[in-house]
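See structure below.
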Amino acid sequence: MGYEFTIFKGSKDGSIQKASTRRDALEKDQVLVRITHSGVCFTDVHYRHTDMALGHEGAGIVEETGPEVHELKKGDRVGWGYEHDCCGRCTQCLTGWETFCPERKMYASADLDQGSFASQAVWREAFLFKIPDDIKNGDAAPLMCGGSTVFNALHVAQVKPTARVGIIGVGGLGHLAIQFAAKMGCQVVVFSGSDNKKDEAKKLGASEFYATKGAKELKVGEKLDNLIVTTSSQPDWNLYINILNPGATISPLTVAMEDFKFPYMALLSNGLRVQGSLVSARQVHRDMLAFAAFHGIKPINMTYPMTKEGIEDCLKTLEDGKMRYRGLLVAK
């Protein structure tokens, strides 16, 4: 029988190529998902010059299930994110940190012939997430990576509802981080280059907003307990040191290849903590979806058709810095 489906790949010159891939059968706990929507992340821009299937923020409908699938059934709405598999045996897996499993399978390092820019995909039931009834597929897709990333940063930093949380950037990650932190009860202090996103940030839950372009010094009402960095490049750390409480936690989510450089004595003398994190482990991911459903947290999307032209248009908008705030591909 077999299953053949359309995928959209990157290429050496950066153009999007339409291709196909195949699975001969559904084995063990594998599930065939018909993709209805895919979020578009800046990570996809990084890999558009690579010969691989693109996309890792998928949402769709279960079409068929393998012989060892226990819970999912045909017609269920599901999504998936950055991690596809893990060993299930190591210390990290057994303690709920499978994103650090030495045998983990992640986007761009495994299963290179399928992604969420596609008509269908085959994934393990263990790494698929049921979409809550109160979340539409189009809103769920960007949560599978963007929502997972910012929620996990708040989780691993052990952010308290009494905390003052600073968020640098109002973009694909930042506009979700504002909503999650606000609904957790935090005072959310937003920093952006200019004032043009101030009204939106306030509507999303920001209690304070500060424009930083050209600033030599920042002055806020009270100092911050947490600082989440969602911009595409590292900020000027000297600008933020004086507005952090002693013992504050910095969560850098910027994907950048250069070294992390931070004023050393300020780190020591203020007892600051820099907390790295990835996307959520599976239970935290489930918690994120439940939290988003209960509190009505949704991405702000710009939609494009799931076609070669639609994907290229979406990626260009993202690269040009004109996306407000998440790109969303919709199957035709």
Side-chain angles (χ1 to χ4, degrees), residues 2-64 66 78-86 99 103-129 137-138 140-146 148-149 172 255 278-279 303-319 326-332:
Y3 308 92
E4 186 167 329
F5 42 93
T6 299
I7 59 172
F8 293 94
K9 304 171 64 177
S11 65
K12 190 173 182 180
D13 66 3
S15 63
I16 301 302
Q17 301 297 317
K18 185 177 181 180
S20 64
T21 192
R22 180 181 175 82
R23 292 291 184 272
D24 291 332
L26 296 180
E27 301 175 350
K28 298 182 179 180
D29 72 339
Q30 290 182 335
V31 176
L32 177 68
V33 180
R34 175 172 60 84
I35 298 167
T36 61
H37 299 80
S38 175
V40 182
C41 180
F42 210 93
T43 309
D44 300 314
V45 173
H46 293 319
Y47 291 110
R48 69 177 299 172
H49 293 275
T50 305
D51 181 18
M52 57 171 274
L54 297 174
H56 59 281
E57 291 186 333
I61 299 171
V62 173
E63 288 198 321
E64 291 192 41
V78 296
W80 76 88
Y82 212 84
E83 187 174 24
H84 306 157
D85 207 349
C86 64
T99 51
E103 297 180 30
R104 67 191 181 187
K105 291 184 179 181
M106 296 282 207
Y107 177 61
S109 64
D111 304 310
L112 300 182
D113 69 327
Q114 59 172 1
S116 59
F117 297 5
S119 61
Q120 294 162 302
V122 173
W123 300 116
R124 290 188 59 202
E125 178 186 38
F127 284 83
L128 289 170
F129 302 96
N137 281 21
L143 295 177
M144 296 297 161
C145 178
S148 176
T149 298
V255 177
L278 294 171
V279 293
T303 60
Y304 301 82
M306 184 90 77
T307 61
K308 169 181 165 64
E309 295 75 20
I311 293 168
E312 289 181 336
D313 188 17
C314 181
L315 292 176
K316 185 178 188 305
T317 303
L318 193 55
E319 286 186 277
R326 298 295 293 190
L328 179 69
L329 301 175
V330 182
K332 301 191 76 175

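These numbers come from a predicted model, not from an experiment.
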Decide salt bridge (Lys or Arg N to Asp or Glu O under 4.0 Å) for Asp111 and Lys105; before the verdict, give the C-alpha distance in whole Å, the side-chain angles of both, and the deciding distance to 0.1 Å.
CA-CA 8 Å; Asp111 304 310; Lys105 291 184 179 181; 5.1 Å; no

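- What you find for Leu328 and Gly39 is that their closest heavy atoms are CD1-N, 4.2 Å.
- At least one donor-acceptor pair closer than 3.5 Å links the side chain of Ser119 to the backbone N or O of Thr6.
- Contact annotation: the side chain of Ile35 never approaches that of Phe5 to less than 4.5 Å [non-hydrogen atoms, C-beta and beyond].
- Side chains of Lys9 and Leu112 form no contact here, defined as non-hydrogen atoms less than 4.5 Å apart.
- In terms of heavy-atom proximity, Cys145 sits nearest to Val279 at SG-CG1, 4.2 Å.
- With hydrogens and angles disregarded, no donor-acceptor distance shorter than 3.5 Å links the side chain of Glu4 to the backbone of Ser20.
- At least one donor-acceptor pair under 3.5 Å links the side chain of His49 to the backbone N or O of Lys12.
- For Gln114 (side chain) and Val122 (main-chain N/O), a donor-acceptor pair under 3.5 Å exists by modelled atom type.
- Within the model, atoms CD of Gln120 and OG1 of Thr21 stand 11.5 Å from one another, a figure rounded to the nearest 0.5 Å.
- Not a single donor-acceptor pair under 3.5 Å links the side chain of Arg23 to the backbone N or O of Tyr3.
- Here Thr99 contributes atom OG1 and Met106 contributes atom CE; the two are 5.5 Å apart, rounded to the nearest 0.5 Å.
- Note that CE of Met144 and OG of Ser38 are 11.0 Å apart. Values are rounded to the nearest 0.5 Å.
- Glu312 and Lys308 are joined by a salt bridge, as a carboxylate oxygen and a charged side-chain nitrogen come within less than 4.0 angstrom of each other.
- Using a 4.5 Å heavy-atom cutoff, the side chains of His37 and Ser116 are not in contact.
- To the nearest 0.5 Å, the span separating CG on Leu315 from SG on Cys41 amounts to 11.0 Å.
- Rounding to the nearest 0.5 Å places CD of Gln30 at 11.5 Å from CD of Glu125.
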Report the C-alpha distance between Leu318 and Val40 in whole Å, list the side-chain angles of each, state the deciding distance to 0.1 Å, and finish with yes or no for side chain to side chain contact (heavy atoms under 4.5 Å, CB included).
CA-CA 9 Å; Leu318 193 55; Val40 182; 4.1 Å; yes

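- Side chain of Arg34 to backbone of Ile61: no donor-acceptor contact under 3.5 angstrom is found.
- In this structure, Glu57 contributes its side chain and Gly146 its backbone to a donor-acceptor pair below 3.5 Å.
- Shown here for Val31 and Leu26, the closest heavy-atom pair between the two residues is C-CD2, 4.4 Å.
- Counting all heavy atoms, side chain and backbone alike, Gly115 lies closest to Ala53 at N-CB, 3.6 Å.
- The ring of His84 has its center no closer than 6.0 angstrom to the ring center of Phe127.
- The residue from Phe117, Tyr107, Trp123 that alone fulfils the ring pair (Phe, Tyr, Trp, His ring centres under 6.0 Å) condition with His56 is Tyr107.
- Annotation for Thr307 and Lys332: closest pair CG2-CD, 3.4 Å, computed over non-hydrogen atoms.
- Here the side chain of Thr36 pairs a donor or acceptor atom with the backbone of Ala59 at under 3.5 angstrom.
- Contact record, Glu319 with Phe42: CA-CE1, 4.2 Å, taken as the closest heavy-atom pair.
- Between the OG atom of Ser11 and the CD1 atom of Ile16 there is a distance of 6.5 Å, given to the nearest 0.5 Å.
- Within the 4.5 Å cutoff, no side-chain heavy atoms of Ile311 are placed close to those of Tyr304.
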